[in-house]
Amino acid sequence: MENDAKRFLYVNRKAPYGTIYALESLEVVLIGAAFEQNVSLAFLDDGVFQLTKGQDTQGIGVKNFSPTYRALGDYDVNKLYVEKESLEERGLSVDDLQEITYEDEDDDWEEKPSINIVSRSEMADIMANQDVVLSF
Amino acid sequence: MSTLHTVNKSPFSTQSLVSCLGHAKDGDTVLLIEDGVYGAISQSGISDAISARATEVNLCVLQPDLEARGVDAAKVVEGVNLVDYSGFVELAAKHSLTQAWL
Amino acid sequence: MKFGVVISEGPYTHQASDSAFNFVKAAIANGHEVPRIFFYHDGVNVGTRLSVPPQDERNIQKQWTEIADENCIDLVICIAAAQRRGMLDENEANRQGKDANNIAEGFRISGLGQLIEMGIQSDRLITFGD
Amino acid sequence: MAYQVNGATIEHDEEGYILTLSDWSKELADVIAETEEIDMNEEHWEVVNFLREYYEEYQIAPAVRVLIKSIKKSLGPEKGNNKYMYELFPYGPAKQACKIAGLPKPTGCV
């Protein structure tokens, strides 16, 4: 990472499909990846619903973009922070989320999980420790 | 390092204010704008939670939005400060980061 | 200080654009700079020149065109969001084979990279949305 | 505007991208390639097939640098580089290869 890179945090607090925010947030992340900044994604409140597995949109005639989160590793976006309390409040656990991984260039391309489950207070620390926060 | 948080939703319709207060750090400012100003009304179902945070966090409400909605400044929770747009700008300049709770 | 501003809701339905306008006006009055404003999600609709609000209401598009002209603000509409919602400039209309364009004076269509660039170049980035 | 393939008419937009992604077939790919002045050989197909698989799995066409990185990983460094890609698709792998592979038009965002 370059020294003058800024820390960018994308904050996702909305569920997918009901509104377009989740999809258009993901589009910013994919384009933004080309700028080689220090990128993290936060999923809290209803945003945790974006990462659930088993999404099938055939019945609503809307594109299912949940597989695209699994491509983030290819874009060198591998810090996805999911808030534990938000999951629990919604009756979810980490097992309800799809597996998202990246290959660690610094560790012989070993496949590692991109999703980190963090507590609310850890999430608050992550949010405070940024240069730019983009909210969706 | 500190953050200006903006909340633009009524706390009676979404979790944004509660979530924001749950993540704001001591020394941060939480500014209520647009429909968020309803969160500043005293003796509401949420006003105790608001005043409980008013010591560690600088709670502010955007006066033009308050006035537009006919909320009397006298009804605002004690410890919540009124700011105008110029004050909003200076809060954004003073804190190193801005986060919108949409 | 340099402020970057994101507007992510359309005009009239949400207050976002009005709040942003008042913020930008105050920022400039206080001696700050607002080099660019980025319109995303339904916010791209702010830039249509075809809206005709009643005479006793503010004209949101005109407000932006004027303040941008007076203060050299770069009003950028996201191309990906714009394409979905039928916002086109002349070039895009030709490229997509459409028979009309609707971008107002002072606005331009460009990529999401402009948002990231704004985040990198501004001292503060502030979002008005819903 | 349309391509003609085995008697079928497949509509495309101003720039040659097909309008209905499910219309795609290998025969159609050859026809699109012809209008792009590309003579499809095995190397071209490697990239086109890779793109289609990537899209199938992730529901996006990869950015060029991601495409090149991924090709490098699966087909080796002699193919996973800019020069090789532009030799195959002189007007840009993102544009031409995606068009031939029948993927959505890149929004040209950056």
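Below, all heavy atoms of this structure are taken into account, side chains as well, without hydrogens, waters or symmetry copies. A, B, ... follow the sequence lines: proteins, then strands. Residue 1 opens every chain.
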Q: Output yes when a side-chain donor or acceptor of Arg124(C) lies under 3.5 Å from a complementary backbone atom of Lys94(B), and no otherwise.
A: no
Q: Specify which of Gly87(B), Ala93(B), Ala100(B) makes the most heavy-atom pairs with chain C at under 4.5 Å.
A: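 Maximum pair count with chain C is reached by Ala93(B).
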Q: Taking the side chain as every heavy atom from C-beta outward, state whether Met1(C) and Glu90(B) have any pair of such atoms under 4.5 Å apart.
A: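 The answer is no; the side chains never approach within 4.5 Å.
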Q: Would you name the heavy atoms of Asn30(C) and Ser86(B) that are closest together and state the gap between them?
A: ND2-OG, 2.9 Å
Q: Output yes when a side-chain donor or acceptor of Lys25(C) lies under 3.5 Å from a complementary backbone atom of Tyr85(B), and no otherwise.
A: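 Such a contact is absent between Lys25(C) side chain and Tyr85(B) backbone.
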Q: Check whether any side-chain heavy atom of Phe3(C) sits under 4.5 Å from a side-chain heavy atom of Thr98(B), and report yes or no.
A: no
Q: Is the number of heavy atoms from other residues, nucleotides or ligands under 6.0 Å of Gln15(B) CD greater than 12?
A: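 For Gln15(B), atom CD is not crowded (no more than 12 foreign heavy atoms under 6.0 Å).
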Q: Taking atom CD of Glu90(C) as the centre, report whether more than 12 heavy atoms of other residues, nucleotides or ligands fall under 6.0 Å from it.
A: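 Not more than 12 within 6.0 Å, no.
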Q: Quiz question: by atom type and distance under 3.5 Å, do the side chains of Gln15(C) and Asn8(B) form a donor-acceptor pair?
A: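 Not at all, the side chains of Gln15(C) and Asn8(B) share no donor-acceptor pair under 3.5 Å.
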Q: Given heavy-atom pairs under 4.5 angstrom as the criterion, report whether the side chain, backbone, both or neither of His14(C) touches chain B.
A: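 The answer is neither part of His14(C).
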Q: Heavy-atom distance under 4.5 Å to chain C: side chain of Asp65(B), backbone, both or neither?
A: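 Looking at Asp65(B), just its side chain touches chain C.
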Q: If I take atom CG from residue Asp35(B) and atom CG from residue Asp130(C), how far apart are they, to the nearest 0.5 angstrom?
A: 8.5 Å
Q: Which atom pair, heavy atoms only, marks the closest approach of Ser8(C) to Leu102(B)?
A: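 For Ser8(C) and Leu102(B), the tightest heavy-atom pair comes out as OG-CD1, 4.4 Å.
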Q: Compare every heavy atom of Glu34(B) with every heavy atom of Gly129(C), then report the nearest pair and how far apart it is.
A: O-OE1, 4.2 Å
Q: Among the options Ile126(C), Asn22(C), Asp18(C), pick out the one with the most heavy-atom pairs lying under 4.5 Å from chain B.
A: Asn22(C)
Q: More than 12 heavy atoms of other residues, nucleotides or ligands under 6.0 Å from CD of Glu67(B): is that the case?
A: yes
